[in-house]
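Just so it is clear: chains get the letters A, B, ... in the order the sequence lines come, proteins before strands, and each one is counted from 1.
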2 protein chains.
Amino acid sequence: MVRTRATVRDLRKQNRSVLLTALFLDGPLSRQQLSASTGLSAATASTITGELLDEGLLVEAGSVESDGGRPRVLLRVNPAFGHVIGVDVGETGIKVELFDLAMTRLSTVDQPLGFVEPVAVSELIAAGVGEVLTATGVAASSVLGVGVGVPGTVERGTSAVVHAQTIGWDAVPLEKMIREAGVEPPLFVENGAKTQGQAEMWFGAGRGAGHAVIVLVGSGVGVAVVTDGVVHRGATSNAGEWGHTTIVYGGRRCRCGVRGCLEAYAGAEAMLARYREALRRNDPEADQQSALEALLSSRSAVARRVVDESVGYLGAGIANLVNLFNPERVVLGGWAGLALGARKLDEIVAATADHALRHPYGQVRIELGRTGPDAVAVGAATLPVAALLDSGADPRSARVSGF
Amino acid sequence: MVRTRATVRDLRKQNRSVLLTALFLDGPLSRQQLSASTGLSAATASTITGELLDEGLLVEAGSVESDGGRPRVLLRVNPAFGHVIGVDVGETGIKVELFDLAMTRLSTVDQPLGFVEPVAVSELIAAGVGEVLTATGVAASSVLGVGVGVPGTVERGTSAVVHAQTIGWDAVPLEKMIREAGVEPPLFVENGAKTQGQAEMWFGAGRGAGHAVIVLVGSGVGVAVVTDGVVHRGATSNAGEWGHTTIVYGGRRCRCGVRGCLEAYAGAEAMLARYREALRRNDPEADQQSALEALLSSRSAVARRVVDESVGYLGAGIANLVNLFNPERVVLGGWAGLALGARKLDEIVAATADHALRHPYGQVRIELGRTGPDAVAVGAATLPVAALLDSGADPRSARVSGF
DNA sequence: CCAAGTTACTTCGCGCCTAAAAATAAGCCT
DNA sequence: AGGCTTATTTTTAGGCGCGAAGTAACTTGG
């Protein structure tokens, strides 16, 4: 971490951020509790919360009676201070959701989309954003930001650029395009696996863990690695390409062209392909989701073998992550991950134990994901919230959108 | 990152740290340059450096003539402010080195050790520390800290505990033992691969990279992952067990008991074992180092095949790291890594390219390590230095040892 | 040799900041 | 009602970085 110089203003900003984050994550708290949990003096906690109340970021939320003293007044983040929007760009459609600052869902729009073309996607996003706003009567000016979860990797620079081989996107300047389609609030474009990981960390099975690995098994596989509470991004925001790590050197050819990638063994697509091969059939399923369900519940020896092998590969893949990252928690999510995990979690855990080193394995807890089907959108919506919390909502820093 | 409350004192501490770090890493600088490079105002840079000069942390280092103005006075970290000691606990012996604060080596002691037994190791370390001090006449009180690089993983708690399956250490409270053997300065126990990675980052091929992966190939293989300039440790400091990630599912049995670990293919021991098997010989080499040299320079088809295969496995293993961490730089080190890399770096790079995703691969530069055989000791010695720099050498914080 | 010019560094006053102490608010209990 | 307890606000004190205004230490050009 390259630390940099700080001024007295940064102090205030940081302490605002600390208080705001504590209130956001741990619900209503009194100034007293805030002082205790953050380490700030009661005086400072009081001054700063007073400021935040004046600015409309906080509101009072009742009081707790005491046993013989002045009752403590509870404070919480003002849900009406602003709104955030989360967008899930999937391979079959686009979901746009509007939340208030307490992350209560106010409106949802689903738009199916056959062919994923950047211009069409941008326009659908802009339309969806307009729709959720008019449906709820929320003013565009109250939107703190729009988070967008996309497939593929996102390169962050002055403006986010998306690379997604599977849908044929090569260096698509999506942020610029969405802006040009008419979306005004600040944009936060991020890989969908990472936004889903974020959702799992804040609201799901990752809560409370500082070091966690969120494994997402869908058609393919992905991972979000959280270190010290922060999603790991690497030098150019491309980190976390777990699906294309080699796990069977010289093995099956993956759609990325390389042999032996984990994704050639452990995603829903790979499982179904291996099943087809075992049965010498050659007709790809129309609906992966129900095909996987059928495979998982089949009692045929072939199906059972395919599933058991998949569990082995997945366990080895998870063990690699455990060895490399030494997390306290592994969360297994994604639609296929949840379907497989619902039936085979113990076997997956056992396979992980077989392949991981004893010591890091001993530190980890492996759980199923607990976020719903809109986890990508929820996670995307948390991005502007995180930005607000991290900045301490500093009223002195220039804000692009007028809120 | 869990940010925490800050006081006005933390400000000064942080700015001291920033200045001190800039001076340590980028050699002598004038107050003027410091002000420009850190962003601190000239006034503050001057005040703080004045303080640091008074405390003896900095010294003047000549001046640069100007073209028509007051010449700038150069400042640098005072090499004589204190000393640091680095210890390398290897499988064949213990090396203790003394450095001044400019990391100039003042004295070295090598002590061979056959059987690596914790008590004996602790006593040898204490003896070595005493020896380098008396040899140079440096007072124990001027030693800022002793860094110790050990095989295996180090669990940091109130006192460091070492787990090293390969040498039969299971939860050895090494820090406590070294202390009891009579070493007084603050101790910093860390995994040897990580200390070597640290050395490579500060003084070797990793310089300037914020995100890097230091790959160490010796008898086995290890890695140090650097994220944002900081060595990644995970929840319990066990992160980075690359050697025991599965790369050939169901493959060769590794000494850890699992099948298909990278270490069963890519370290010197594995290469020699595979060569022996190919030749149907059964006599382990007495000296791995010269045996590997012989293997690498052999022109026999069998030797060439073993080496080429190893290059492939190693490349795939590196590609996994590139995909997962998206580093800007990969440094290949370790005695076997350097030996192999000296002859086959291009092939290793090509094998990495074959297995990595195009995009993250496009961001990375793969280089040979540039630190010498005492990299582990040098890296260990940097640990107390890093602690000093990070703390801003705050004279107000209580110090255990009297310096 | 001296004055003017130039650049590096210091000093001082201001506006902020947090902490500690003191004061005040708002309940409970008898 | 009065004492007691606890929460919050106000006051005061000690720090900090910055900008402006000096001051120091040279070079240059006559």
A:T236 and A:E155 side chains, donor-acceptor separation under 3.5 Å: no
Test item: B:N15 side-chain N/O and A:A6 main-chain N/O as donor-acceptor pair under 3.5 Å: yes
Start and end of chain A contact along DNA chain D [non-hydrogen atoms, under 4.0 Å]: D:dT5 to D:dC18
B:Q14 CD - C:dC17 P separation (whole Å): 17 Å
Gap between atoms CG and C1', on A:D394 and C:dC16 respectively (whole Å): 13 Å
Sugar-phosphate only, base, or nothing, as touched by B:R5 at under 4.0 Å among non-hydrogen atoms: sugar-phosphate
Check: B:D100 main-chain N/O paired with B:R105 side-chain donor or acceptor under 3.5 Å: no
Near-strand residues of residues 43-59 of chain A, defined as heavy-atom separation under 4.0 angstrom from DNA chain D: A:A43, A:S46
Gap between atoms CG and P, on B:L29 and C:dA8 respectively (whole Å): 14 Å
Close side-chain approach of A:L74 and A:S30, heavy atoms under 4.5 Å: yes
Whether A:F325 and B:F325 hold their rings parallel, tilted or perpendicular, with breakpoints at 30° and 60°: tilted
Closest non-hydrogen atom pair, B:E328 against A:A235: CG-CB, 3.4 Å
Member of A:T7, A:D394, A:T47 meeting the side chain to side chain contact (heavy atoms under 4.5 Å, CB included) criterion with A:R12: A:T47
Sugar-phosphate, base or nothing in reach of B:T7, heavy atoms under 4.0 Å: sugar-phosphate
Separation of atom CZ in A:R9 from atom C1' in C:dC14, rounded to whole Å: 12 Å
B:E60 CD to C:dC9 C1', straight-line distance once rounded to whole Å: 11 Å
Closest-nucleotide 5' rank along DNA chain D - winner of A:G69 and A:S30: A:G69
Gap between atoms CZ and P, on A:R70 and C:dG27 respectively (whole Å): 8 Å
A:R329/A:E200 salt bridge by N-O under 4.0 Å criterion: no
Short N-O contact, A:R233 and A:E190, less than 4.0 angstrom: yes
Interatomic distance where CG belongs to B:N15 and P belongs to C:dC17 [whole Å]: 16 Å
Whichever of A:P71 and B:L74 has its nearest DNA chain C nucleotide further upstream toward 5': B:L74
d(CG, A:L40; P, C:dA20) in whole Å: 11 Å
